[in-house]
Amino acid sequence: MGISGLHAVIVPFPAQRTINPLINLAQLLSSRGVVITFVNMDWSHKCMSKAAHNDDEPTFKFLNIPDGLPPDHGRLANLAESVIAMENLGPVLEHHLLSSSSDGKTPPVTCIITENFMSCTHQVAKKLGVPRVIFWTLCATSSIAQCNANLLLSHGHIPVKVEDSKRAEKVITCLPGNLPPLLPSDLFSFYRATDTSGVLFQWALRESQFQSKADYVLVNTFDELEPPETVSALSCNGCPALAVGPVFLPNFLEGRDLNGRGSLLEQDESCLKWLDAQDPASVIYVSFGSIAVKSNEQLEELAIGLEKSQHPFLWVLRMDIAGGMPATLPEGFEERTKDRGLIVKWAPQVKVLSHPSVGGFISHCGWNSCLESMSMGIPILGWPYSADQFLDCRFCKDVWKIGIDLEGVDVDENLVIKREEIERGVRRLMEGKEAQELRKRGMELKGAAFKAVGQGGSSFTNLNRFIHDMTQLSKSASVKRAYPQSIPSIC
Ligand code: UDX
């Protein structure tokens with residue numbers, strides 16, 4: 001039994017975007033004496049085991065369960081089928097949790113901590129008679145928009161017509177949390193549709209109903225970005241809603257690379273040596289996260305834009321970046337840029353962003369990438385692709401002022417950005433007065449992130465409060481454990 005008396009079952013959506021923050025949260029709780037069971041799908045566990053090459057073994061155990069999809073299923077490459085499989089995971093999850101705790105050694109589960117898109121945990125938590133904690137892996141603003149999807153629907157803001165973005169009367173002001181006014185193009189790209197019958201549209205709407213039924217809410221953000229009054233708008237029936245991020249940062253500062261441990265692809269560490277040989281703050285890091293794809297036409301424009309900018313670059317070109325096609329780069333590009341460019345398939349991103357040679361990040365603005373970049377003080381050239389990335393990109397530019405973007409990316413997902421615009425963006429990010437201002441702001445945000453997670457900081461204190469509250473709840477008579485006598489035989 002851990003010293004806190006708590007046993008948290010942690011359930012990410014099986015994707016890099018949620019495994020990384022949840023494995024970091026798990027480690028933070030484990031370091032504070034909470035017993036952790038981290039739930040992986042069999043396939044994600046296999047990927048993690050194959051990719052892991054560092055010694056950062058977490059201090060908790062994993063529980064691997066089947067996701068019900070055939071072994072050769074493309075998983076996230078077929079998101080629509082994957083999300084439905086996750087919606088139906090409840091009985092399997094419950095069965096495996098009960099089996100794993102029947103060994104007489106595992107302490108009883110005292111809470112389930114789940115990523116925001118895992119509604120299947122709602123029923124499981126009810127059956128076990130424990131609180132269900134939602135950990136929002138998006139920024140609080142996107143989270144508020146997502147969990148109020150039905151309100152947005154009733155106000156006619158979704159389905160989203162992105163061409164309305166420039167019309168003042170379409171600005172969204174009905175959401176709680178004292179948010180800056182949102183544009184239609186800030187909303188989840190799943191809601192960009194001509195009709196409401198699409199699988200992802202309907203799924204995101206269904207999930208929103210369970211997002212407003214949590215017993216406790218944590219958010220991977222920090223005070224300087226989004227104040228407590230914003231985060232509080234995620235409260236469900238008056239439960240606490242607390243900012244505890246960036247959750248990777250305390251582990252990183254203690255020399256623990258949990259993103260490396262949670263990585264589904266092998267991180268190529270050789271790029272760190274290459275960075276050692278570059279000038280301070282000279283390198284642009286280019287990465288579009290784990291899911292975004294680009295056409296070969298677009299990759300060619302990007303390559304030439306980088307080349308023309310003359311700046312050194314480290315470019316993550318995932319095997320599947322061209323959506324199943326082999327990625328092709330312009331003829332002679334690698335030879336012409338070999339003295340100042342390096343291409344890898346997958347990088348140790350946090351180590352890269354914290355390297356003194358890196359000066360800017362061309363990013364799809366996934367929320368983890370944004371937090372990691374801000375925490376290291378690195379300005380962002382935003383190039384969003386889907387989901388919440390449009391809001392993150394615009395807020396990096398207009399609200400948090402650590403970023404710029406490329407012309408037109410917010411309204412047209414299929415736009416091919418031309419080489420001249422990319423070169424211009426890189427120069428803005430890396431040269432002159434604008435770049436200096438961005439770096440200054442980067443340093444301010446880095447300071448604020450470090451402060452938030454440091455001893456006595458807001459996120460540090462909130463995490464301790466969470467443990468305290470969970471301990472009280474688990475002791476209180478109101479938490480009735482309703483463990484069934486026998487294990488349901490559904491597997
Ligand atoms: C997805 C969604 O598309 C996005 O909208 C949401 O905000 C987060 O999840 P994803 O592509 O997974 O985006 O991006 P991101 O959130 O940035 O997470 C990627 C993670 O992979 C980061 O933690 C990053 O450090 C890691 N990474 C990325 C690597 O370890 N190596 C790389 O080369 C690139």
Side-chain angles (χ1 to χ4, degrees), residues 12-25 44 47-48 51-54 56 75-77 79 82-83 115-117 135-143 145-146 186-190 200 204 219-221 245-249 251-252 257-272 285-294 314-321 342-354 358 361-376 378 380 382-393 395-396 413:
F13 185 96
Q16 197 71 77
R17 69 175 179 87
T18 91
I19 291 173
N20 281 7
L22 277 160
I23 203 169
N24 275 288
L25 178 67
S44 52
C47 293
M48 276 166 64
H53 64 280
N54 62 30
D56 292 309
R75 301 300 184 306
L76 299 173
L79 193 57
S82 292
V83 300
E115 197 261 345
N116 38 278
F117 282 116
F135 176 60
W136 283 95
T137 57
L138 314 169
C139 71
T141 309
S142 266
S143 308
Q146 165 53 28
D186 292 333
L187 299 181
F188 249 67
S189 66
F190 300 141
L200 292 177
V219 192
N220 198 15
T221 189
V247 288
F248 86 91
L249 190 54
N251 292 319
F252 177 77
D257 178 18
L258 267 295
N259 277 12
R261 182 60 183 81
S263 191
L264 297 174
L265 296 171
E266 189 175 349
Q267 297 180 328
D268 183 346
E269 299 247 340
S270 68
C271 61
L272 299 172
Y285 172 58
V286 186
S287 170
F288 303 108
S290 62
I291 295 172
V293 292
K294 301 250 175 264
L314 169 60
W315 184 0
V316 176
L317 209 52
R318 279 188 350 258
M319 292 288 277
D320 58 349
I321 188 76
L342 183 70
I343 295 178
V344 294
K345 294 192 179 74
W346 192 244
Q349 179 159 302
V350 174
K351 290 180 183 164
V352 166
L353 287 168
S354 66
V358 173
F361 185 6
I362 301 185
S363 172
H364 69 314
C365 294
W367 185 236
N368 296 295
S369 292
C370 290
L371 278 178
E372 290 158 11
S373 204
M374 289 174 190
S375 301
M376 298 304 155
I378 303 295
I380 296 169
W383 189 344
Y385 167 74
S386 69
D388 56 318
Q389 299 154 15
F390 296 89
L391 183 143
D392 298 343
C393 176
F395 271 45
C396 279
E413 288 167 67

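Counting convention: from 1, in listed order, for ligands and their atoms alike. Worth knowing before you read on, the calculation uses all heavy atoms, side chains too, and leaves out hydrogens, waters and symmetry mates.
- With sequence neighbours excluded, the residues satisfying side chain to side chain donor-acceptor pair (under 3.5 Å) with Asp186 are Arg394.
- In the model, Trp367 has no side-chain atom that pairs as donor or acceptor with a side-chain atom of Ser142 under 3.5 Å.
- Between Trp136 and Phe117, the angle of the ring planes goes over 60°, which puts this pair in the perpendicular group of the 30/60° scheme.
- Legend: residues meeting side chain to side chain donor-acceptor pair (under 3.5 Å) with Asn368, ordered by chain and number and at least two apart, are absent.
- With sequence neighbours left out, the ring pair (Phe, Tyr, Trp, His ring centres under 6.0 Å) criterion links Trp383 to Phe288.
- Sorted by chain then number, the residues whose non-hydrogen atoms approach ligand 1 to under 4.0 Å are Gln16, Arg17, Asn20, Asn259, Gln267, Tyr285, Ser287, Gly289, Ser290, Ile291, Val316, Trp346, Ala347, Gln349, His364, Gly366, Trp367, Asn368, Ser369, Glu372, Ala387, Asp388, Gln389.
- Distance alone, capped at 3.5 Å, is enough to place a donor-acceptor pair between the Arg318 side chain and the Gly289 backbone.
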